[in-house]
Amino acid sequence: MYPDRVLSGMRPTGALHLGHYHGVLKNWTKIQHEYECLFMVADWHALTTHYESVGNLESYVWEMVIDWLAAGVDPNQATLFIQSRVPEHAELHLLLSMVTPVGWLERVPTYKEQQQKITDRDLSSYGFLGYPLLQAADILLYRANRVPVGEDQVPHIEFAREIARRFNHIYGREPDFEQHALQAVHKMGNKKSRLYLELRTRYTERGDGEALMAARDLLAEAQNLSLGDRERLFGYLEGNGKQVLAEPQALLTESARLVGLDGQKMSKSYHNTLPLRSSEEDITKKIRTMTTDQARKLRTDPGEPTRCPVYAYHKLYSNDHTQAWVEHGCRSAEIGCVDCKQPIIDSVLAELRPLRERARMYQEDPTLVRNIIADGCERARRLAAETLRDVREGMGLSYP
Ligand code: TRP
Ligand code: SF4
């Protein structure tokens, strides 16, 4: 078993907004303390749908990284990198493409959905069809077993899992697996290798479950084994081949889905967002003019909070007391919408102030950001190389 590792990615779409913060980034800042995390700028993924408009790509990449850092993603905890700067993603994508049935890609639900929904762009390319495979390569390249994503991405994680299984099934059994396994056993040192073999015999010959557990613990603690060897020995215990690629799971989190200022989904293309680094005046103005319940045309008209996006914000930001104040005040027309919005303005300003502070540091010194990314890419490449070595070997490509 590989150690827990998280990989997630975002396509660079420019400055991020409050929806990204509540939906994704807050969660990243939390899990970076719980797992080894890699966070990737998915710039190649952006090209699968926007290959014609690349003029802004570079600025989108850096703006997004600044927003991650501003939101509290900590480069000392997590690895931040750019997909295209780790070309191993492309190699793994290519190698996996050999064992990927086209029908599997065509059946990924987002494929047909997006083609039907998005009509102003060309989505008939080979690259777009391969989107889920590129994403699978992103994940499998790091043997990440946890992938924090939204509901919409779950089919992509399942797809990655299928690909990992298929790969392991075809290539996990090295022709000289037994010999490799025994070599790996000896790397554990005399005493431990003897114990491992003894426990293995107890399990394989007598079905002794406790021996199996003990052997697994032994492997988990063995210091001088490479990841590949450790996997071999886990496999060898139970007579399986080697798990070259780890099967990933979606890491679903209950994150708040924040509606846009007009009550629709918050999205740049709907022009209803609150960008994370807006000025205080801008935030104030945008919330003051945000949509309210249409029934309240006049100050004296009663309204219904459940029909109002401002109330959705209160659900996220305000305590029970304030929520009750809104419910009563709105339905009885005792408060006006301007009054109702003020606590939201205060909360959002307070929430975003530290983000703006942190962002300023990075904006004033772009080399800081470049260095963080350079370090992250280097580290990512190192991890990627380990997996690719095993993948190449499995596929018969390990000649010098
Ligand atoms: N497809 C993801 C999205 O559109 C972005 C992404 C690319 C990703 N590669 C990934 C997410 C790997 C998780 C893991 O949101
Ligand atoms: Fe919306 Fe508040 Fe106005 Fe009611 S009082 S319509 S909840 S903004």
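Atoms within a ligand are numbered from 1 in the order they appear, just like the ligands themselves. Everything quoted here is computed from the prediction, not taken from an experiment. Nothing fancy with the numbering, it's 1 onward along the sequence.
At the top of the distance list for atom 9 (N) of ligand 1, counting protein heavy atoms only, stands D138 OD2, 2.8 Å. Scanning all protein heavy atoms for the shortest distance to atom 5 (C) of ligand 1 gives G9 O, 3.6 Å. At the shortest separation from atom 8 (C) of ligand 1 among protein heavy atoms lies Q135 NE2, 3.5 Å.
Using modelled atom types and a 3.5 Å distance limit, the side chains of Y21 and E351 yield no donor-acceptor pair. If you check the side chains of N319 and T322, you find a donor sitting under 3.5 Å from an acceptor. Between the side chains of Y311 and E304, no donor-acceptor pair of N or O atoms lies under 3.5 Å. Using modelled atom types, one finds no donor on one side chain facing an acceptor on the other under 3.5 Å when comparing Y317 with D346.
Looking only at distances, no side-chain donor or acceptor of R206 sits under 3.5 Å from a matching main-chain atom of T201. In terms of modelled atom types and a separation under 3.5 Å, the side chain of Q32 and the main chain of D74 share a donor-acceptor contact.
With L7, V41, L134 as candidates, the residue nearest to atom 14 (C) of ligand 1 on a non-hydrogen basis is L7.
At a heavy-atom cutoff of 4.0 Å, ligand 1 is contacted by no atom of Q83, backbone or side chain.
Residue Y131 approaches ligand 1 through these ligand atoms, each under 4.0 Å from one of its heavy atoms: 1 (N), 2 (C), 3 (C), 4 (O). Counting atoms of ligand 1 from 1 in the listed order, those under 4.0 Å from a heavy atom of R11 are 4 (O). Taking a cut-off of under 4.0 Å to the non-hydrogen atoms of Q153, the atoms of ligand 1 that pass are 1 (N), 2 (C), 3 (C), 4 (O), 15 (O). Under a 4.0 Å criterion applied to the non-hydrogen atoms of A42, ligand 1 contributes the atoms 7 (C). The distance from ligand 1 to the heavy atoms of V147 drops below 4.0 Å at these ligand atoms: 13 (C), 14 (C).
Geometrically, ligand 1 and S8 share no nitrogen or oxygen pair separated by less than 3.5 Å.
Under the 30°/60° scheme for interplanar angles, the aromatic rings of W44 and H89 are found to stand perpendicular. Taking the six-membered ring where the residue is Trp, Y131 and F128 present perpendicular rings, their angle passing 60° and hence far from 30°.
The number of protein N/O/S atoms found under 2.8 Å from atom 2 (Fe) of ligand 2 is 1.
Between S318 and I344, some side-chain heavy-atom pair lies under the 4.5 Å cut-off.
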Apply side-chain contact (heavy atoms from CB on, under 4.5 Å) to H314 and C340, showing your working.
-> CA-CA 9 Å; H314 275 292; C340 183; 3.6 Å; yes
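By the 6.0 Å and 45° rule, K268 stacks over the aromatic ring of Y60.
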